[in-house]
Amino acid sequence: MKTLETPCYVIHKKELEEGIALLKSALEKNWSNYMVGYSFKTNALPWALIQMKKAGFHAEVVSEDEYDLAKYLGFSHVIYNGPVKGKRTFLHALQNGAIVNLDAKRELDWLEEVGIQNGKVGLRVNFDLEAVCPGETSPGEEGGRFGFSYETGEWKWALDRLTHMGIKLSGIHLHASTKTRSVAIYRALAQMAVKLKQEFDLKPEYVDIGGGYFGGMDNRPKFPDYMKAIREELMAAYTPEETMLIVEPGTSLITPPIEYMTTVVDCKNTNKGRFVVTDGSRSDIDPLHGKSSYFHKLLYNEGTEYTQTPEGRPIVERQTICGFTCMENDRLFTAEQRPELQVGDHIIYQKVGGYTMCLTPLFIRYFPTVYAEDGGEFTCIRERWSVEEYVRKSDLKAEG
Ligand SMILES: *Cc1c(COP(=O)(O)O)cnc(C)c1O
């Protein structure tokens, strides 16, 4: 293994491409009239965004900055979502062929000002998904906060406002955030798309079913399972000839191919146990501090080689793996009954691409290096941030 500067992220290109190919084939097989909008917020590393663009995917963005980034990187198609779009980019999007899924009342006011020149307008639906899939949604009983409520009539109100403006609804947007990422969720979303079409006599050009899928995990649903279920439900009222299916994957594509590599820098034995200090941090792979375990492997340094099964190292009952930050809670996991870790060994965390890099803080140490691995070759695709990047745009004379 090549010596990489740690801590670092490594993106395995082949795995990324396998995920992309599986998604495309699942869509082609089930709903050949489709569009993929990659969710920028899940991981907006420029290199990864460019891979998505090369795959023919469009940009799914939820802020002015993300919108500007998509334009900067040359994405020709943008799907603009979220409750807090900026007015400047909202209007730009409508004039430049974007798909804009409305999620706030002020957007209807903005729309009244300019109309739609070139883009397409959809309405995000808020409905009681928890009632259909109990225990599965992220907000649970408190209910989701995105979109216009079907139950209270706000969705119909928004639809009527569009009609009064002479604007035809182009699409229905249904993204939901769930704990289970189950196939049943997508059946429920597709059923809702059917219900809305029938109840309001709509002819949508697209149904945007959102993101939130699993990808690259054993014993979990995969793209073909989701897309088949979506097709089965949509068929009750839609055809691929008339209506495009839009999906907005993030995690399912970008989580599996990314690893985070750390090196052991010190080991301490206290009367409470053995602490293994590494140059990585929990902030880099669990910035929301919500995970309780990590896919990982231990690579023991045997001079010129690394092995997962070292010879001659004592088995240690408990070793607490810690990060570099000066926070007591920067502890990653406890290795139980594993060979003794020593300085120079590596701990590699797997499947850490989603909601990490773009949530990684500039805390104590700046952004780590990112490498891409392709056929055993490693290329640096983002250099480690140093003081130079950190102070950019700051007033260093402190004159303000
Ligand atoms: C976050 C988000 C996604 C992507 O979700 P993943 O869980 O990363 O697949 C897609 N669409 C919208 C509107 C989102 O907010």
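In listed order, ligands and their atoms are each counted from 1. In this chain, numbering begins with 1 at the start of the sequence shown. Fair warning: this is a prediction, and the values are worked out from it, not measured in the lab.
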His173 N/O under 3.5 Å from ligand 1 N/O: no

With Asp284 via salt bridge (Lys or Arg N to Asp or Glu O under 4.0 Å) - residues at least two apart: none

Between His346 and Tyr306, ring centroids under 6.0 Å: yes

4.0 Å heavy-atom contact, Asn81 with ligand 1: yes

Closest protein heavy atom (residue, atom, distance) for atom 15 (O) of ligand 1: Lys41 NZ, 2.6 Å

Tyr355 heavy atom under 4.0 Å from ligand 1: yes

Residue-ligand contact Gly212/ligand 1, heavy atom below 4.0 Å: yes

Ligand 1-proximal atoms of Thr251, by part, heavy-atom distance under 4.0 Å: both

Short N or O distance, Ser39 and ligand 1, threshold 3.5 Å exclusive: no

Flag if over 12 foreign heavy atoms under 6.0 Å of NZ, Lys156: no

Heteroatom distance test (Gly250, ligand 1): nitrogen or oxygen, under 3.5 angstrom: yes

Trace of the ring-ring contact (aromatic ring centres under 6.0 Å, His included) decision for Phe333 with His296: CA-CA 10 Å; Phe333 67 100; His296 69 269; 4.1 Å; yes

Any side-chain donor near an acceptor of the partner, Tyr34 and Glu28, under 3.5 Å: yes

Basic-acidic side-chain contact under 4.0 Å: Lys41, Glu66: no

Proximity of Glu248 to ligand 1 by residue part, where a heavy atom lies under 4.0 Å: both

Exercise: do Glu5 and Thr369 side chains pair donor with acceptor under 3.5 Å: yes

